[in-house]
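Single-structure report; data block below.
All values derive from a computational prediction rather than experimental measurement. All heavy atoms count here, side chains included; hydrogens, waters and symmetry mates do not.
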Number of protein chains: 2
Amino acid sequence: MMEITLDTKTPIYPIRTAAQLLGISVPTLRMYEKEGLIIPHKTDGNQRIYSEDDLERLRCIRRAINESKISINGIKTIYSLIPCWEVVKCSEEDRKICNAFQSHAQPCWTFNHPNTTCENRDCRDCEVYTEYSQCGSIKDLIKKISGIAT
Amino acid sequence: MMEITLDTKTPIYPIRTAAQLLGISVPTLRMYEKEGLIIPHKTDGNQRIYSEDDLERLRCIRRAINESKISINGIKTIYSLIPCWEVVKCSEEDRKICNAFQSHAQPCWTFNHPNTTCENRDCRDCEVYTEYSQCGSIKDLIKKISGIAT
DNA sequence: ATTAGTTGATACCCAGAAATATCAACTTTC
DNA sequence: GAAAGTTGATATTTCTGGGTATCAACTAAT
């Protein structure tokens, strides 16, 4: 017998397996990544590996595309509206020079953030990326920062 | 000679003229309305009339669709993220029962708001509708309500 | 070192969203 | 009151975004 640790954050699925579990093709998964919708782990040999959390995020994205009929650029725009500055608590100086703070076309995690508190962070582990993959939670965050009890 | 008052809010263009000025067809304009992207004025005889502001809003919508490649449902979702409660300053009781406050699929002005402060308002004149037709201003509003100097 | 799977890149396909056309009934204009 | 324009509704067309197939070069496993 062996002990199995179930950690939804641990990357375990190679791209082919992930694609099969989601019912889509491998190039589609690569496309989502290129568009900045997901940030999969990579092995030392530069191969993608997906965690259970990654799959859940992807299912959410697929629902947005197939059920809610939101285009990929639409999703990117919505992600760009996440008030990341409130999540990472960056300074006013950071915000002034941050490309993500200005953008309303691409998610913050698709930028590199030179000279900000995000500079050396791994966006993949950032709450902005992990917690706000669906519209409901994004709107809830906006409610929260406006000082409202939801 | 006659005095001409230029008021960008006054509805003057019938639908055919508006369509021509925008370079699109009449059914398309009706479609945008049915989708909840615009709220044109109507005459007593139920005919649509568009103001200069309406045209500007429509140009913005067209850019989102044609240049930014955001689908109509994407635009609706983005509009639904506008923190309207902060603009109209509705009460906690209002928010509790407000469909728009909950939704993240349709703009608030596509709901009727029974028993709230918005109930008897004309959404067409509401700042939520008039001021936040583009992503840039929406993100600016989110920044503002999080207490940030933009 | 051979087999299986991956990489990035390019070329291709097609469902369906976006836009248009068309209709009879109605409104406005002159 | 006749002509021009509009209404809502439905049917039809256009076109491209989302997805796939395929490739040679690379990585991983046994």
Side-chain angles (χ1 to χ4, degrees), chain A residues 11-51 54-55 57-79 105-107 110, chain B residues 11-51 54-55 57-79 105-107 110:
Chain A
I12 40 177
Y13 305 116
I15 193 165
R16 196 160 195 259
T17 310
Q20 280 172 339
L21 288 170
L22 293 166
I24 57 177
S25 73
V26 169
T28 300
L29 271 179
R30 291 210 206 93
M31 196 248 286
Y32 291 161
E33 179 182 350
K34 200 171 141 201
E35 293 284 358
L37 301 182
I38 48 165
I39 319 174
H41 270 288
K42 304 252 183 147
T43 64
D44 297 338
N46 195 35
Q47 300 196 174
R48 297 168 178 81
I49 16 176
Y50 298 79
S51 69
D54 288 332
L55 293 193
R57 182 188 183 88
L58 281 160
R59 287 189 198 100
C60 173
I61 290 168
R62 295 237 91 210
R63 280 195 300 274
I65 295 173
N66 297 318
E67 295 170 26
S68 304
K69 310 294 182 187
I70 304 175
S71 62
I72 289 181
N73 277 345
I75 298 174
K76 289 163 72 172
T77 303
I78 291 165
Y79 282 159
Q106 295 201 322
T110 64
Chain B
I12 38 176
Y13 306 116
I15 193 165
R16 195 160 196 258
T17 312
Q20 280 173 340
L21 288 170
L22 293 166
I24 58 178
S25 73
V26 169
T28 300
L29 271 179
R30 291 211 206 92
M31 196 248 286
Y32 290 163
E33 179 182 351
K34 199 171 140 202
E35 292 284 357
L37 301 182
I38 48 166
I39 318 175
H41 269 288
K42 302 251 182 147
T43 66
D44 296 338
N46 197 34
Q47 299 198 170
R48 298 168 177 82
I49 17 175
Y50 297 81
S51 69
D54 289 332
L55 294 192
R57 183 188 182 87
L58 281 159
R59 287 189 198 100
C60 174
I61 291 168
R62 295 237 91 211
R63 280 195 299 275
I65 296 172
N66 297 318
E67 294 170 26
S68 304
K69 309 294 181 188
I70 304 176
S71 62
I72 288 180
N73 277 345
I75 298 174
K76 288 163 72 173
T77 303
I78 291 166
Y79 282 159
Q106 294 201 321
T110 64

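Between B:S71 and B:G45, the one whose closest nucleotide on DNA chain C sits nearer the 5' end is B:S71. For the pair A:I15 and B:I70, nearest-nucleotide mapping onto DNA chain C gives the more 5' position to A:I15. Nearest-nucleotide positions on DNA chain D place A:G23 closer to the 5' end than the other of A:G23 and A:D44.
Taking atom NZ of residue B:K76 and atom C1' of nucleotide C:dA18, one finds them 13 Å apart after rounding to whole Å. Atom C1' of nucleotide D:dG18 and atom CD1 of A:I75 are separated by 11 Å, given to the nearest angstrom. Following rounding to the nearest Å, B:R16 (CZ) and C:dT20 (P) show an atom-to-atom distance of 14 Å. Atom-to-atom, CE of A:M31 to P of D:dT22 comes out at 18 Å; the value is rounded to the nearest Å. The interatomic distance linking A:I49 (CD1) with D:dT27 (C1') rounds to 13 Å, in whole Å. When the P atom of C:dG5 is taken as reference, atom CG of A:L29 falls 17 Å away, rounded to whole Å. Spacing between atom CD1 of B:I24 and atom C1' of D:dT14 amounts to 16 Å, rounded to whole angstrom units. Atom CG of B:L58 and atom C1' of C:dA18 are 15 Å apart (whole Å).
Residue A:R48 places at least one side-chain N or O closer than 4.0 Å to OP1 or OP2 of C:dT7. An OP1 or OP2 oxygen of D:dG19 is reached within less than 4.0 angstrom by no side-chain nitrogen or oxygen of A:T28. For the OP1/OP2 pair of D:dG18 and a distance below 4.0 Å, the side-chain nitrogens and oxygens of A:K34 include no atom meeting the criterion. Here A:N46 reaches the OP1 or OP2 of C:dG8: one of its side-chain N or O atoms lies under 4.0 Å away. Between D:dG19 and A:Y32, a contact under 4.0 Å exists linking OP1 or OP2 to a side-chain N or O. Regarding contacts with the backbone of D:dT10, every side-chain N or O of B:R30 stays at 4.0 angstrom or more from both OP1 and OP2. Applying the 4.0 Å criterion to OP1 and OP2 of C:dA17, one finds that A:K69 has a side-chain N or O inside that range. Put simply, A:N66 has a side-chain N or O that comes within less than 4.0 Å of OP1 or OP2 on D:dG19.
Candidate nucleotides C:dA18, D:dA28, C:dA21 were compared by shortest atom distance to the side chain of B:I72, and C:dA18 ranks first. Comparing atom distances between the A:Q47 side chain and each of D:dG18, D:dT27, D:dA21 picks out D:dT27 as nearest.
Side chains of A:R59 and A:L55 form a contact here, defined as non-hydrogen atoms less than 4.5 Å apart. Side-chain contact between B:I38 and B:D54 is absent, with no heavy-atom pair separated by less than 4.5 Å. Residues A:K76 and A:P107 meet the side-chain proximity criterion, which asks for heavy atoms closer than 4.5 Å.
Only one option out of A:I72, A:T110, A:I75 pairs with A:E35 in a side chain to side chain contact (heavy atoms under 4.5 Å, CB included); it is A:I72. Residue B:I49 is tested with B:T17, B:I12, B:T43 for a side chain to side chain contact (heavy atoms under 4.5 Å, CB included); the sole match is B:T43.
Checking B:Y50 against B:R57 by side-chain atom types alone, no donor-acceptor pair falls below 3.5 Å.
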